[in-house]
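So the structure is just underneath, and the comments pick up after that.
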Number of protein chains: 2
Amino acid sequence: MSRASDRAYDHIRNLILSGELSPGEQIREEALAELCGVSRTPVRDALRRLEAELFIRRNESQRSFVADWSLDDLEEAFQLRAMLEAYGARRAAKRISWDQLARLRSHNDAIRQAITASTPDIPKFLDHNRQFHAIVLEAAGSERLSGMLAQVIEQPVVLRTARQYDMENLKRSHHEHDELLIAFDNRDGEWAAAVMTGHIRRAFHAYAAAHSGDTEIHRTDEAA
Amino acid sequence: MSRASDRAYDHIRNLILSGELSPGEQIREEALAELCGVSRTPVRDALRRLEAELFIRRNESQRSFVADWSLDDLEEAFQLRAMLEAYGARRAAKRISWDQLARLRSHNDAIRQAITASTPDIPKFLDHNRQFHAIVLEAAGSERLSGMLAQVIEQPVVLRTARQYDMENLKRSHHEHDELLIAFDNRDGEWAAAVMTGHIRRAFHAYAAAHSGDTEIHRTDEAA
DNA sequence: CGACAGCTTATTGTATACAAATACCATTCG
DNA sequence: CGAATGGTATTTGTATACAATAAGCTGTCG
């Protein structure tokens, strides 16, 4: 896309993900414009996109705030994600190409290397994990589905999830990917969907366990 | 929302739904600005929203086109819609209030009246049908879900679906709503989800039957 | 005859100035 | 003392001018 608008988008998104903008905090277009070194026009553009992706909320009088999700909201996001990714896996099983299968295998190999190293390489795990899921989605071949999953996968709190993985969960994740590959090999959509459902739900419970002490049950504004 | 930006949104949306802008047609911001009687700024805003709702597509060099969906795309939209509305019904069964139940009943009564009149009142049916589904969604209490369904329900071609209903389908639709109400009365989420799944899938087949002769299997541009 | 380079035109992206709307605060009146 | 009202400041919305980019065309060269 356009340069300034994209820079603003990335910049603001990073500010949110890094926590420099805290959940519930109000956002002013001009302040962001200065931070990003662009005018308000591309900032407004970026805010619209981030709003569509639920990173940002707007109250009734158009003021913007960093979205702030409760644990309940988050569990629901995981449920939707499980449902949508399972659907994607079902479609992918019927459509995936040899090339895509090979790429999946390669990423899952990289994941294995990342977690069997003397000190687990979490960033590497996260990167290949992300690409693995992206390829499944690509094989599913549905733009609509891709758009919907974007709304549900990349939420700030969700993104932090994998960093909470303990060794046990990292290994399970790898093995679930393996099982998904076998389901794909057999073009068994139902199997693939079932594996994917479990995969995402396990990730949720890993998150919930890691965050059981958190007190993030407050929201900024209400919706009808 | 803002006045000019909203007017532009409604205006352009209507142009698409009415067919004055045909699927695949290129859209120029300035032309639309003149049509809407506003400047390009709010038009761009509206285009962004319509793009998020998949009414509009953009090619790699940022030119906008009216979205043009194949029958396959459409069936997939129906599948996603069935899945998401079933999920919504499952949630709604656990959360729906007496007031919401009463409103559902009232709308389904209006639907019965609309289709049992000497000449069926299709616009009335469509209006109350839309509100019925909106209340179920409201009872489900998930903004994320609402946003996703908006992407899938209001597609141009989908919107035209109900107009294709024959008398048989109109009656079935009414009875399915009735069954959904009983499932809600019993707080039976699984039943509600099952009824909703069938409800949407029947709607798809009604559409497919009515459009079996159409030759709309062409797309404007490709995506990766 | 085909293709490619360079120019021209069309279209979108960005900045800025100004208008409109909203929130915030102080003051006054009950 | 509290609530309502008014004015001021802050923030967002819109228009417009200009910059950047991409498309289309034409003329030339292989």
Side-chain angles (χ1 to χ4, degrees), chain A residues 1-13 15-16 20-68 219-224, chain B residues 1-13 15-16 20-68 219-224:
Chain A
M1 257 206 185
S2 57
R3 195 173 71 266
S5 165
D6 277 349
R7 273 200 302 146
Y9 173 85
D10 288 339
H11 197 131
I12 299 169
R13 192 168 176 281
L15 288 175
I16 295 174
E20 290 174 70
L21 292 174
S22 4
E25 182 175 348
Q26 180 166 355
I27 286 175
R28 290 181 325 263
E29 295 174 354
E30 198 167 333
L32 290 179
E34 283 182 42
L35 276 174
C36 303
V38 297
S39 83
R40 272 180 55 216
T41 310
V43 167
R44 299 188 100 240
D45 215 87
L47 287 179
R48 286 284 139 77
R49 281 194 263 169
L50 291 163
E51 191 192 351
E53 294 169 9
L54 302 184
F55 280 102
I56 280 176
R57 301 174 59 86
R58 305 176 83 179
N59 68 8
E60 61 288 345
S61 55
Q62 305 304 106
R63 260 81 175 165
S64 300
F65 301 83
V66 178
D68 182 18
R219 305 197 46 170
T220 307
D221 56 346
E222 292 308 314
Chain B
M1 259 203 183
S2 58
R3 196 173 70 265
S5 165
D6 278 350
R7 275 200 302 146
Y9 174 84
D10 288 339
H11 197 130
I12 299 169
R13 192 169 175 280
L15 289 176
I16 295 174
E20 290 174 70
L21 292 174
S22 4
E25 183 175 347
Q26 179 166 355
I27 286 174
R28 288 181 327 259
E29 294 173 356
E30 197 167 333
L32 289 179
E34 282 182 42
L35 277 173
C36 302
V38 297
S39 83
R40 273 178 56 215
T41 311
V43 167
R44 300 187 101 238
D45 214 88
L47 287 179
R48 287 283 139 75
R49 279 193 265 170
L50 291 163
E51 191 193 351
E53 294 169 10
L54 304 184
F55 280 102
I56 281 176
R57 302 173 58 86
R58 306 176 81 176
N59 68 9
E60 61 288 345
S61 56
Q62 305 303 106
R63 261 80 175 165
S64 300
F65 300 84
V66 178
D68 182 16
R219 303 192 53 168
T220 307
D221 55 345
E222 293 307 314

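This structure is a prediction, so every number in the text was calculated from the model and none was measured. Throughout, a chain's letter reflects where its sequence line sits, starting with A, and its residues are numbered from 1.
You'll find the side chain of Ile56(A) reaches within 4.5 Å of the side chain of Ile16(A), heavy atoms only. With contacts defined as side-chain heavy-atom distances shorter than 4.5 Å, the pair Arg28(A)/Arg40(A) does not qualify. The shortest side-chain heavy-atom distance between His11(A) and Leu15(A) falls under the 4.5 Å cut-off.
More than 12 heavy atoms of other residues, nucleotides or ligands sit less than 6.0 Å from atom CD of Gln26(A).
Regarding Glu60(B), its CD atom lies at a distance of 14 Å from the C1' atom of dT12(C), rounded to whole Å. Whole-Å rounding puts the Arg7(B) CZ to dT14(D) P distance at 9 Å. Regarding Leu32(B), its CG atom lies at a distance of 17 Å from the C1' atom of dA15(D), rounded to whole Å. One atom, CZ of Arg40(A), and another, P of dA19(C), lie 14 Å apart when rounded to the nearest Å. Rounded to a whole Å, the CD atom of Glu34(B) is 12 Å from the P atom of dT11(C). Per the geometry, CZ belonging to Arg58(A) stands 8 Å off C1' belonging to dT12(D), to the nearest Å. Residue Glu30(A) contributes atom CD, which lies 18 Å from atom P of dT14(C) at whole-angstrom precision. We find that CZ of Arg57(B) is positioned 17 Å from P of dT12(C), with the value rounded to whole Å.
Nearest nucleotide to the Val38(B) side chain, out of dT12(C), dA15(C), dA15(D): dA15(D). Comparing atom distances between the Ser5(B) side chain and each of dT14(D), dA15(C), dA17(D) picks out dT14(D) as nearest. Side-chain proximity of Arg63(B) to the nucleotides dA10(C), dA17(C), dA15(D) is greatest for dA10(C). Between dT11(C), dA17(C), dT16(D), one nucleotide has an atom nearer to the side chain of Arg28(B) than all others, and that is dT11(C).
Contacts of Ser61(A) with the nucleic acid, taken as non-hydrogen atoms under 4.0 Å apart, involve only primed sugar atoms and P, OP1 or OP2. Nucleic acid contact class of Leu47(B) (heavy atoms, under 4.0 Å, all strands): none.
Arg13(B) has no carboxylate O lying under 4.0 Å from a charged side-chain N of Asp6(B), or vice versa, which leaves the two without a salt bridge.
Remark on DNA chain C: of its neighbouring residues Glu29(B) and Thr41(B), the 5'-side contact belongs to Glu29(B), judged by nearest-heavy-atom nucleotide.
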